Amino acid sequence: MEREPFPEPIFVTCPIIPDLDKYRRRLDKIWTGKWFTNNGKQHQLLEERLKKYLDVPQISLFNNGTIALMTACRCLGLSGEVITTPFTFAATPHALTWNNITPVFCDIEPTTYTIDADKLESSITSDTTAILPVHIFGTPCNIQKIQKIADNYGLKIIYDAAHAFGTKVGNKGIGNFGDITMFSFHATKQFHTAEGGALTFGDPSLKEKIDLLKNFGIKNEEEVIIAGINGKMNELQAALGMEVIKYLDADRTQRKQLYDTYIQKLKNISGLVLPEVKKNVYNNYQYFVIHVEREKFGISRDEVHENLKKFNVFTRKYFSPLCSEYEYYRRLPSASKANLPMANKIVDEVLCMPLYGTLFVQDIEKICEIVTGFQK
Ligand SMILES: *Cc1c(COP(=O)(O)O)cnc(C)c1O
């Protein structure tokens, strides 16, 4: 059956758009109070709200996730080498580089695309100070094993949870593992403040240090005690977050329905490997990623990506190119293809499909029929 293209382009994601009048009411309060940033009322409200939502003991809000990650590295006094994944967004290794830390790339697992904990130990040297794994596409890393290795070698752990807002392992929010966890509130992320981010952590003594570091190290009117940066979330961002968060549960319910539709429609298609959600994991349904096995499906991931454009469907080849292939990192010994066989294979085979709360089940059914029609 010949399918018609969608009348309007469908992208991988679409931000939650909250009610403008309600946002305006918060802006009115900001205008009246004449307080735009520096731990204002909206900031305080959002910190409390997110602390509860993420079920974490401590949180500090930031102007974006990248500065938050850079601040986390600084807070823990990291130096030398930090082990991370090449299959991530540019911000992950760059946050290390901006701290004069050398990223050491470790290969990934074939099914979760997260860092391969069984290969971590061989990446550790006398210069290693920490591990920076990423809960890629919202899928939790092998948290227990990573913690065990970190404990054995006296390493810190910072998790990049930019994709994992709302994910839970067992009954625990994803922000409760390692030393510090970073979240991004960029507009492409499920919960957003246009731009924004946060660090969560268990050690209460870190709160003061992180809040100092994100505000130039200013302790009081007389004293500036560390070389901080400007990482503060402003009131306009925080107010937006207070409105966006109201939509989150409904958004996730709809995403789950769409996600399940993808699974139902594609599960029996030879050559398409679908994501598996582990039993003890509460998925946040931020992404739906398919793995195209060319030999079996008949055409490649790149061809699926190209062909879908003709139907007005714009998927994304996340995270191609690998960070280890960037001009800036490719000469590192750990960036060699021989060191990263799985990441180099996966990066050419996975495709991120449209998934957001304002799509309909019928849209997903149609996308699946189009994709199925490509099979050779
Ligand atoms: C979005 C993202 C970041 C960076 O977040 P910003 O808020 O855009 O600075 C970091 N890591 C990953 C994996 C991301 O997807």
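Here the structure is a predicted model, which means the values were calculated and not measured. Below, each value reflects all heavy atoms present in this structure, side chains not excepted, and no hydrogens, waters or symmetry copies. Just so you know, ligand 1 is whichever comes first in the structure, and atom 1 is the first atom listed for that ligand.
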To the nearest 0.5 Å, tell me how far Cys106 SG sits from Leu120 CG. 4.5 Å
Derivation of the ring-ring contact (aromatic ring centres under 6.0 Å, His included) call for Phe6 and Phe311: CA-CA 6 Å; Phe6 282 91; Phe311 292 90; 8.5 Å; no
What does the list of residues with a heavy atom under 4.0 Å from ligand 1 look like, ordered by chain and number? Asn64, Gly65, Thr66, Thr88, Phe89, Ala91, Thr92, Asp160, Ala162, His163, Met182, Ser184, His186, Lys189, Gly196
Tell me if the centroids of the rings in Tyr53 and Phe165 come within less than 6.0 Å of each other. yes
Would a line drawn from the ring center of His163 to the ring center of Phe319 be shorter than 6.0 Å? yes
Residue pairs passing the ring-ring contact (aromatic ring centres under 6.0 Å, His included) test where at least one lies in residues 14-35, sequence neighbours excluded: Trp31-Phe36
Identify whether NZ of Lys or CZ of Arg in Lys214 sits under 6.0 Å from the centre of the six-membered ring of Phe62 and within 45° of that ring's axis. yes
